[in-house]
Amino acid sequence: GRARPSHSEPRGRDGHGQEEEEAEEMEGWQPLYPGHIPTSPLQKALLAAGSAVMALYDPYRHDMVAVLGETTGCLALPNLRDKMKNHPEGYRILQERPRIRLSTLDMARLQGLPEGSLGREYVRFLEDNKVSPDTRMPPKFVDDEELAYVIQRYREVHDLMHTLLGMPTNMLGEVVVKWFEAVQTGLPMCVLGAAFGPAHLSSRKLQVLATELVPWAIRSGLSSSCVLNVYYEQRWEQPVESLRAELGILPPP
């Protein structure tokens, strides 16, 4: 469902300017999910511009990156949703709405899985990089409840992309993952991160990025199936190499 005015009065009334009509309409909108903040197209544009400036200045401002993704994903998110709906495993994910959080993960079980399994390598990634799945912000500015889940799912599998691609959370690793995700998702946020993230890298890392890592990330993104169509919670025991081969992700250089 999309956010719509809750009143049934005509939108145009004598003596009221366009700005007043928009303000009245916004006041009548209702949240579609917990935390949802209804916004007009103009407000989204302003949020997108401001968050883009801040995210480019400081790529570790995850709150600004999140806002940028929500306010610019109006075309990419429906496309991702449709890919999930047209895939058996992706459709189940949309229906069951699983979440990847500490409250839903059996960390002791994952730590006890065999070396090389998805669950064990995912936990190792979290421990080595001192990150938590609970740091992913919930959506606020997506005016469609189902699309809000799609971007939430994308955020929560981001660390699994690092795991599958074998990339750390330093700037070089983040740029490589963003190139892969840009090809996979088409989200403008990922495209901007892939294009402007290298500005923060040294000349030596830029050379490695341009000659080895970016070409590999692009080829992997193009050759692999949609990474949102994997029910990762039911794949913890699967070897990472097996899942890479199933998806079509090329071995990391």
Side-chain angles (χ1 to χ4, degrees), residues 2-3 31-85 90 93-94 97-101 131-165 167 169 171 173-200 217-218 221 226-230 232:
R2 297 185 180 276
L32 296 174
Y33 49 86
H36 174 230
I37 301 175
T39 48
S40 68
L42 175 59
Q43 289 171 323
K44 281 185 172 61
L46 293 173
L47 286 167
S51 60
V53 171
M54 290 303 300
L56 293 175
Y57 176 75
D58 182 1
Y60 289 104
R61 282 292 302 272
H62 299 297
D63 55 340
M64 294 293 97
V65 174
V67 172
L68 180 62
E70 294 175 32
T71 54
T72 60
C74 55
L75 297 179
L77 289 176
N79 183 49
L80 288 172
R81 187 261 317 274
D82 292 344
K83 286 183 178 181
M84 296 178 73
K85 281 189 171 181
I93 294 169
L94 281 177
R97 304 286 180 90
R99 296 292 306 275
I100 300 178
R101 302 182 60 82
V131 294
S132 166
D134 287 358
T135 59
R136 300 300 169 190
M137 293 181 61
K140 295 180 180 179
F141 303 109
V142 179
D143 294 331
D144 184 290
E145 186 269 340
E146 191 172 47
L147 297 182
Y149 175 75
V150 172
I151 198 166
Q152 181 75 60
R153 184 65 175 177
Y154 157 75
R155 289 173 183 169
E156 292 184 355
V157 304
H158 176 75
D159 289 337
L160 283 159
M161 295 304 98
H162 277 272
T163 304
L164 285 172
L165 298 174
M167 291 292 137
T169 58
M171 185 55 64
E174 290 290 353
V175 169
V176 174
V177 173
K178 278 292 176 284
W179 274 101
F180 176 83
E181 291 178 341
V183 175
Q184 271 273 312
T185 68
L187 286 166
M189 169 198 65
C190 297
V191 176
L192 285 174
F196 293 97
H200 299 269
I218 293 175
C226 180
V227 293
L228 293 184
N229 286 334
V230 179
Y232 295 98

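Note that the numbering runs from 1 along the sequence shown for the chain. Every heavy atom of this structure was used, including side-chain atoms; hydrogens, water molecules and symmetry mates were not. Owing to the predicted nature of the structure, the values given are computational and were not obtained by experimental measurement.
Remark: side-chain polar atoms of Trp179 are not paired, donor with acceptor, to backbone N or O of Ile218 under 3.5 angstrom. Judged purely by atom type and a 3.5 angstrom limit, Glu146 has no side-chain atom pairing as donor or acceptor with the backbone of Arg81.
Glu156 has a carboxylate O that lies under 4.0 Å from a charged side-chain N of Arg99, or vice versa, which qualifies the two as a salt bridge.
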For Ile93 and Tyr232: C-alpha separation, side-chain torsions, deciding distance, then whether side chain to side chain contact (heavy atoms under 4.5 Å, CB included) applies.
CA-CA 10 Å; Ile93 294 169; Tyr232 295 98; over 6 Å; no
Show your reasoning for whether side chain to side chain contact (heavy atoms under 4.5 Å, CB included) applies to Val176 and Phe180.
CA-CA 6 Å; Val176 174; Phe180 176 83; 6.0 Å; no
Check step by step if side chain to side chain contact (heavy atoms under 4.5 Å, CB included) holds for Arg153 and Ile100.
CA-CA 8 Å; Arg153 184 65 175 177; Ile100 300 178; 3.9 Å; yes
Please walk me through it: do Lys44 and Thr71 pass side chain to side chain donor-acceptor pair (under 3.5 Å)?
CA-CA 5 Å; Lys44 281 185 172 61; Thr71 54; over 6 Å; no
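Defined by atom type and a distance below 3.5 Å, a donor-acceptor pair is present between the side-chain atoms of His158 and Glu181.
Taking CG of Leu160 as the reference point, atom CG of Leu164 lies at 6.5 Å (rounded to 0.5 Å). A distance of 11.5 Å separates CD in Glu70 from CG in Leu147, rounded to the nearest 0.5 Å. Once rounded to the nearest 0.5 Å, the distance linking CG of Asp143 with CD1 of Ile37 reads 10.5 Å. Rounding to the nearest 0.5 Å places NE2 of His162 at 6.5 Å from OG1 of Thr169. The CG atom of Leu94 lies 7.0 Å from the NZ atom of Lys85; values are rounded to the nearest 0.5 Å. Taking CG of Asp63 as the start and OG1 of Thr135 as the end, the distance is 11.5 Å to the nearest 0.5 Å.
Evaluated for a side chain to side chain contact (heavy atoms under 4.5 Å, CB included) with Leu187, the options Leu192, Asn79, Leu77, Thr72 yield exactly one hit, Leu77. Between Arg155 and the choices Ile151, Val157, Asp159, the side chain to side chain contact (heavy atoms under 4.5 Å, CB included) rule is met once, by Ile151.
Using a 4.5 Å heavy-atom threshold, the side chains of Tyr154 and Cys190 count as touching.
Among all heavy-atom pairs drawn from Pro139 and Ala148, the shortest one is CG-O, 3.5 Å. Nearest approach of Gln184 to Val227, heavy atoms of both residues: OE1-N, 3.0 Å. The two atoms that bring Gln152 and Pro138 nearest to each other are OE1-CA, 3.2 Å, heavy atoms only. The two residues Pro198 and Gly193 have their closest heavy-atom pair at CD-O, 4.1 Å. Listed here is the closest heavy atom pair of Gly73 and Pro78: O-CD, 3.9 Å.
More than 12 heavy atoms of other residues, nucleotides or ligands sit less than 6.0 Å from atom OH of Tyr33.
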